[in-house]
Amino acid sequence: MASQMSSGSGSSSRTRSTFPHQKCYHNEIAPLRVVKHHGLTFGKRFYGCSYWPQTCGFFKWADGSDDVRELQELLFEKDTFIAELEMHNEMLTKKLKEVQRKKNVVLQGYVDELSIENNETRLAMCSARVDKRLFMALVLSWVLFAVLLLEY
């Protein structure tokens, strides 16, 4: 089995005495294979299950690198980073809501102050208009009094 060509797998299997024997999860010697399909791993050697294509899932790169484990570690790092970002985002969202609440309270106080000041200004305008009218009435009454005095 170790010297068979696997059909449809895109790899070939050969035994080489320079590589240590690996056993798959069936406890059989896992043949050394070479990636035949074109891509990033083309020509790379790996150990796979001897019962291809009914595989037990065993896979190991012959050069000792464990790309799957490295990818799992990278995935874990990304998950951790994402979790940290989510926590940071939640914290910022809470801060934003608190600032908006405070801003609304502060702005409401400012609106109330402006409203009071506006009402006071309106009262002052009304008072000034009344004073103006009274002054005009006084002036007209003096003019009328002067005209009456001049006529008599």
Side-chain angles (χ1 to χ4, degrees), residues 1-140:
M1 282 197 164
S3 63
Q4 284 183 323
M5 293 289 287
S6 58
S7 61
S9 69
S11 64
S12 65
S13 93
R14 294 181 217 133
T15 57
R16 299 204 185 222
S17 59
T18 58
F19 292 100
H21 291 293
Q22 297 287 326
K23 291 193 175 188
C24 71
Y25 302 128
H26 292 115
N27 205 22
E28 297 283 334
I29 294 177
L32 182 63
R33 303 171 188 264
V34 178
V35 176
K36 293 285 186 173
H37 68 277
H38 292 281
L40 295 174
T41 57
F42 178 75
K44 198 168 182 179
R45 294 185 173 130
F46 67 95
Y47 294 100
C49 179
S50 60
Y51 292 111
W52 179 263
Q54 289 81 23
T55 178
C56 63
F58 177 79
F59 177 88
K60 185 173 182 179
W61 291 113
D63 63 4
S65 69
D66 192 354
D67 288 346
V68 174
R69 187 173 315 273
E70 290 172 13
L71 291 174
Q72 287 174 332
E73 289 173 5
L74 284 173
L75 183 63
F76 178 74
E77 289 174 9
K78 295 291 183 188
D79 285 342
T80 303
F81 183 68
I82 289 170
E84 289 171 357
L85 288 176
E86 287 173 344
M87 287 174 40
H88 187 70
N89 185 39
E90 287 177 23
M91 179 194 65
L92 289 176
T93 301
K94 287 178 184 178
K95 282 185 178 180
L96 179 63
K97 287 180 181 178
E98 181 66 20
V99 167
Q100 286 175 334
R101 187 187 64 74
K102 286 180 181 178
K103 179 180 105 178
N104 289 340
V105 168
V106 169
L107 286 179
Q108 186 59 47
Y110 185 64
V111 167
D112 291 344
E113 288 175 14
L114 288 178
S115 179
I116 291 169
E117 187 177 341
N118 189 28
N119 288 336
E120 290 172 351
T121 304
R122 283 184 188 167
L123 287 173
M125 280 185 350
C126 288
S127 178
R129 285 182 184 144
V130 168
D131 287 347
K132 178 183 169 186
R133 287 183 189 132
L134 288 174
F135 183 74
M136 286 177 58
L138 182 63
V139 169
L140 285 176

Enumerate, atom names and distances included, each donor-acceptor pair closer than 3.5 Å involving a side-chain atom of residues 84-100, sequence neighbours excluded.
from: T93; atom 1: OG1; to: N89; atom 2: O; distance (Å): 2.8
from: E98; atom 1: OE2; to: R101; atom 2: NH2; distance (Å): 2.6

* Determine, stepwise, if the pair Y47 / I29 fulfils side-chain contact (heavy atoms from CB on, under 4.5 Å). => CA-CA 9 Å; Y47 294 100; I29 294 177; over 6 Å; no
* Asked: Any side-chain heavy-atom pair from T41 and W61 closer than 4.5 angstrom?
  -> yes
* Which pair of non-hydrogen atoms, one from F58 and one from A30, has the smallest distance, and what is that distance? -> CE2-CB, 3.7 Å
* Structure fact -> Rounded to the nearest 0.5 angstrom, the CG-CE distance for L140 and M136 is 6.0 Å
* CD on E73 to CZ on F76, rounded to 0.5 Å -> 10.0 Å
* **side chain to side chain donor-acceptor pair (under 3.5 Å) partners of residues 129-140, not counting sequence neighbours, each pair once** => none
* Structure fact -> Heavy-atom nearest pair, C49 first then R33, reads O-NH2, 2.9 Å
Atom pairs and distances, side-chain donor-acceptor, residues 108-119, under 3.5 Å, sequence neighbours left out:
from: Q108; atom 1: NE2; to: D112; atom 2: OD1; distance (Å): 3.0
from: N119; atom 1: ND2; to: S115; atom 2: O; distance (Å): 3.4

* Does any N or O in the side chain of S127 come within less than 3.5 Å of the main-chain N or O of L123, such that one atom is a donor and the other an acceptor? -> no
* **Considering all heavy atoms, the nearest T55-H26 contact** => C-CE1, 4.4 Å
